[in-house]
Protein chains: 2
Amino acid sequence: MAPLRERSDDPVLPDPPRGPLHVARARASFPWKELALFWEGEDVLRFKKTIFSALENDPLFAHPRGSRLSVEKYQELNFLRCKRLFEYDFLPAGDVLGSLPKVLALIECLGMYDWSLAAKFCLHVLTFGSAIYSSGSERHFKYLPKIFSMEIFGCFALTEVSHGSNTKGIRTTAHYDPTTQEFIIHSPDFEAAKFWVGNMGKTATHAVVFAQLYTPGGRCHGLHPFLVQIRDPKTLLPMPGVMVGDIGKKLGQNGLDNGFAMFHKVRIPRQDLLNRSGDVTPEGTYVTHVKDVGQRFSESLGSLSAGRVTIVGMSVVNLKLAVSIALRFSATRRQFGPTDEEEVPVLEYPMQQWRLLPYLAAAYALDHFSKSLFLDLGKLQQGLLGKDRSVRQAELGREIHALSSAGKPLVSWTAQRGIQECREACGGHGYLSMNRLGDLRDDNDPNCTYEGDNNVLLQQTSNYLLGLLARRDQGGARIESPLKTVDFLDAYPDILGRRFEGSSPEDLLDSSVPLAAYEWLVCYLLRESYQRLNQEKRSGKSDFEARNNCQLYKNLWTAVLQGNKVLERASWWSEFAVNKPVIGSLKSKL
Amino acid sequence: MAPLRERSDDPVLPDPPRGPLHVARARASFPWKELALFWEGEDVLRFKKTIFSALENDPLFAHPRGSRLSVEKYQELNFLRCKRLFEYDFLPAGDVLGSLPKVLALIECLGMYDWSLAAKFCLHVLTFGSAIYSSGSERHFKYLPKIFSMEIFGCFALTEVSHGSNTKGIRTTAHYDPTTQEFIIHSPDFEAAKFWVGNMGKTATHAVVFAQLYTPGGRCHGLHPFLVQIRDPKTLLPMPGVMVGDIGKKLGQNGLDNGFAMFHKVRIPRQDLLNRSGDVTPEGTYVTHVKDVGQRFSESLGSLSAGRVTIVGMSVVNLKLAVSIALRFSATRRQFGPTDEEEVPVLEYPMQQWRLLPYLAAAYALDHFSKSLFLDLGKLQQGLLGKDRSVRQAELGREIHALSSAGKPLVSWTAQRGIQECREACGGHGYLSMNRLGDLRDDNDPNCTYEGDNNVLLQQTSNYLLGLLARRDQGGARIESPLKTVDFLDAYPDILGRRFEGSSPEDLLDSSVPLAAYEWLVCYLLRESYQRLNQEKRSGKSDFEARNNCQLYKNLWTAVLQGNKVLERASWWSEFAVNKPVIGSLKSKL
């Protein structure tokens, strides 16, 4: 099949078909096409249209009515659809770095169709592929073409049955044997089995396996990634010594085959250690350019952030879909009215607006947050690939780690609550599977858990901010960051002196008022947590204990911090949501 | 099969098997058996044990692993299980009124096993059966034995495609034809098709159908219940003129066959009008002992409340199950620790306790609320059956309607949020289907919608309270109610003069402090809404408009009102949740 390219001879934004929604649409107080063009840009809009048209016109992507497929059939279909995506080749590998907005757009389009497909595709190309590209070296690049031709199919195996959040607790081992120049990958027991690994259940032929690296003499050098073949690409039968299978039905994303694997002394060539941060000589000596484990870890922060930033975008898509479904239903569903004859669309009720419009506003605000964060991440990764070891690069890595660690919780939780509100706002009809709100809720749910449990992640941001504050107090260093997201905190003593100014509803519609309130709250909670933490330490508590006892405080205000960033946009988007024509002011604000 | 009766020769509370949970259980600071006995009573505990043992030992109730059944197979199995319940006859019809706590216990046990089964059973016996018993008259009692032998299988058909909340908008018609002494049941179009009706999809042979009653001359007498046969009991094929089927997959409770039905001029005998509140003579004259439509409506409030009170109990069960699963997992799951060797159970982290223990406390508080409300409802229904037309009986009906209308939202929402928190608190493992948190969330979800959408229901309570306030202001009538839940509002001017007293964390653990704060908040919001409503009316707005514009206010404080009632218990239960031995003080407080 010939790869599809964008066509420019058809209108990028055709009028919607006339139907029950026409009345509501006709009442819009602003030109929706102008907004869409401004918000997405014609280039991205055309790209999305190309993708959707391709899927619409390909029978392989026809949704089986009522999603009544068995899990097995669904997973099989999902694999075939994934393979077809490589034939369409919407975004050739060469264009990726040059057009990041299209990368995000591609993920969003696939997710709007089905997250099981988007996940399967991204786990193979982005997670598995870029792990080889960014954690490996020239000797591994031979695998890249095989990835894009799907000659091999990959997965990323970090989590184990008993260890997810605490990656240092990972217990799979890789002992180096100089006599054969091989690593021996081994799972000591079932609790150390790799678990939850997307694509591993039935379809992956290769896995990037994280294991504790041991050199002769028994010295452990910590967690390293290894490329391990787990199945025969022809038969998909397990390789010798590999016990691999599907973990079973999940609450959602059941088109994705999440798997487990145990390794019984599986031998792989020395070269299959992904050796960017550390390597082993043929004789068995461990060599690394990275001075300490801490730096090696912070080097990997960039790739860790990628997953979280992507999840921010995934969650926004789910919120968009749910809000669109609920608003369209509410504009046509009539219930009660001034007389028994005349009933009113439920969207006209203040209660329904109060329930749904803030989520519409949030969808726009968070969509912008997601896009800008994705572009910032792109800059970070270009630096990593360019082997940029500057201080600024390291600072940027820490800032984006902190932003994605608080941004993922904020957006995934907002989407989860928003979808639930939309489900309820559609009443009984929202509880019918065919209306998709259930699938959205179930597919969005894991966004709160994988790539770092939301509550645990928030503490990453807490530690980042407490660290900045400590440096300021001790060395007098300014609180600032490459993206300037924390710069306002440098003035926290003054900010704490501020008083609330808002006195009328009009005041509160001016974003600067709630923004100032947020800044005060952040500084207040930051100082409280900081003092509490030091107090705990002075009272002789261990770092571990002290941090525990402050968890609540810390999480409270990191949640607030993100609210702050987003509110900046949310407040004037809420103006938009209640239909004021603000596109002009928008352009000035973005 | 011989009906099962309770046996008293085995211990009602055997020790749990020794396992990973033993360590945590051994640390309990109170005797759990004493608490269980005090909380449930030995009689109910034995009853529950009888039910669970029966289901455990019957292969028909063996859960298919991983719940991978097709919807069709699941519904078939659910029907067979329902039939088996009548053979077990855990609670003979004669004993029902005498042992209400056991009725609630039976529903809870069936729900703990599977809500699809509990719903199927209750919709037939309680909803369909008691509709015939309480809305019909002697001439309909012949159907009752057939219900308990499952010779006929029933459903309750009120909701239509286009009308759920607004029951007055129901458009199915029942025209009386004196020449044949029949009613002609008819659905004008698909929007008037009965929809969502539990048991109607595949298994019901008879339906209580609500339709607008017309007498010759075309006069409409409003909504009335009719008993209509929809299927042949032998073949389960539709009766002539009835188009009936399953509405398709839902987010949950897929073992229950929710259905739709359209009636094409279906003729039923005059006697099958359920004629408690109104009847038609053979000649076609409408007769009723009820003076006005309003009173006829308030007479039916009792039966409307029954569904909501039951849902309160259902939601509590879901919260109990989710909290138990999450707490047991958290007591055994270890992650991170003071040293790399030693990891601590996640339940030891303040964050995990902060997330889960309030829901444990709520489970106890709401369980007590549910039981007391269920018993109050029993008194109301005994009055109805005894044809008690006293003022107090009417007042009690209105109070329980208001309590159940705010209690269902409070408890179903608390359960929904609690289950989601439990899901997330179990991390990835909480996302595996086999751990049931997904089924609980999906099965609990409709509790927020059916028997009245939560947000719409809250307004019922608002109107009740605003009515009491209006009577006090106009006629100087005291604010009081049979169950005394609103009596404190009579002092609302004084309460509004109160100032917050709490100054230390200890103060706040004394339930009287937050309780006083709640009372103030309720009175404040009540007065605000009342003034706002009158203002709207004075400004010439119609009742409909005026009520709309105050929706938000009203709902805010009715939610608070319920919080108040529950907090009364929740606050000292939260003491319990943090493991203080309070059983003694409990006994004094209940």
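Order of the sequence lines fixes the chain letters, A, B, ..., with proteins taken first and strands second; residue numbering starts at 1 for each chain.
Inspection of the R423(B) and T449(A) side chains reveals an N or O donor paired with an N or O acceptor under 3.5 Å. Between the side chains of E424(A) and W413(B), at least one donor N or O sits under 3.5 Å from an acceptor N or O. In the model, Q352(B) has no side-chain atom that pairs as donor or acceptor with a side-chain atom of N455(A) under 3.5 Å.
Proximity to chain B (any heavy atom under 4.5 Å) is shown, for D445(A), by both the backbone and the side chain. Neither the backbone nor the side chain of V346(B) comes within contact range of chain A; no heavy atoms are under 4.5 Å apart. If you measure heavy-atom distances from D442(A) to chain B, the contacts under 4.5 Å come from both the backbone and the side chain. Only the side chain of Q416(A) comes within contact range of chain B, judged by heavy atoms closer than 4.5 Å. Contacts between Y431(A) and chain B at a heavy-atom distance below 4.5 Å involve backbone atoms as well as side-chain atoms. In this structure, no portion of E545(B) lies under 4.5 Å from any heavy atom of chain A. For a residue to count as touching a neighbouring chain, one of its non-hydrogen atoms must lie under 4.5 Å from one of that chain's; by this rule Q253(A) touches chain B with backbone and side chain alike.
Under the salt bridge (Lys or Arg N to Asp or Glu O under 4.0 Å) criterion, the residue pairs touching residues 408-421 of chain A are R355(A)-E421(A), with sequence neighbours excluded.
Checked against side chain to side chain donor-acceptor pair (under 3.5 Å), R171(B) has the following partners two or more places apart in sequence or in another chain: D189(B).
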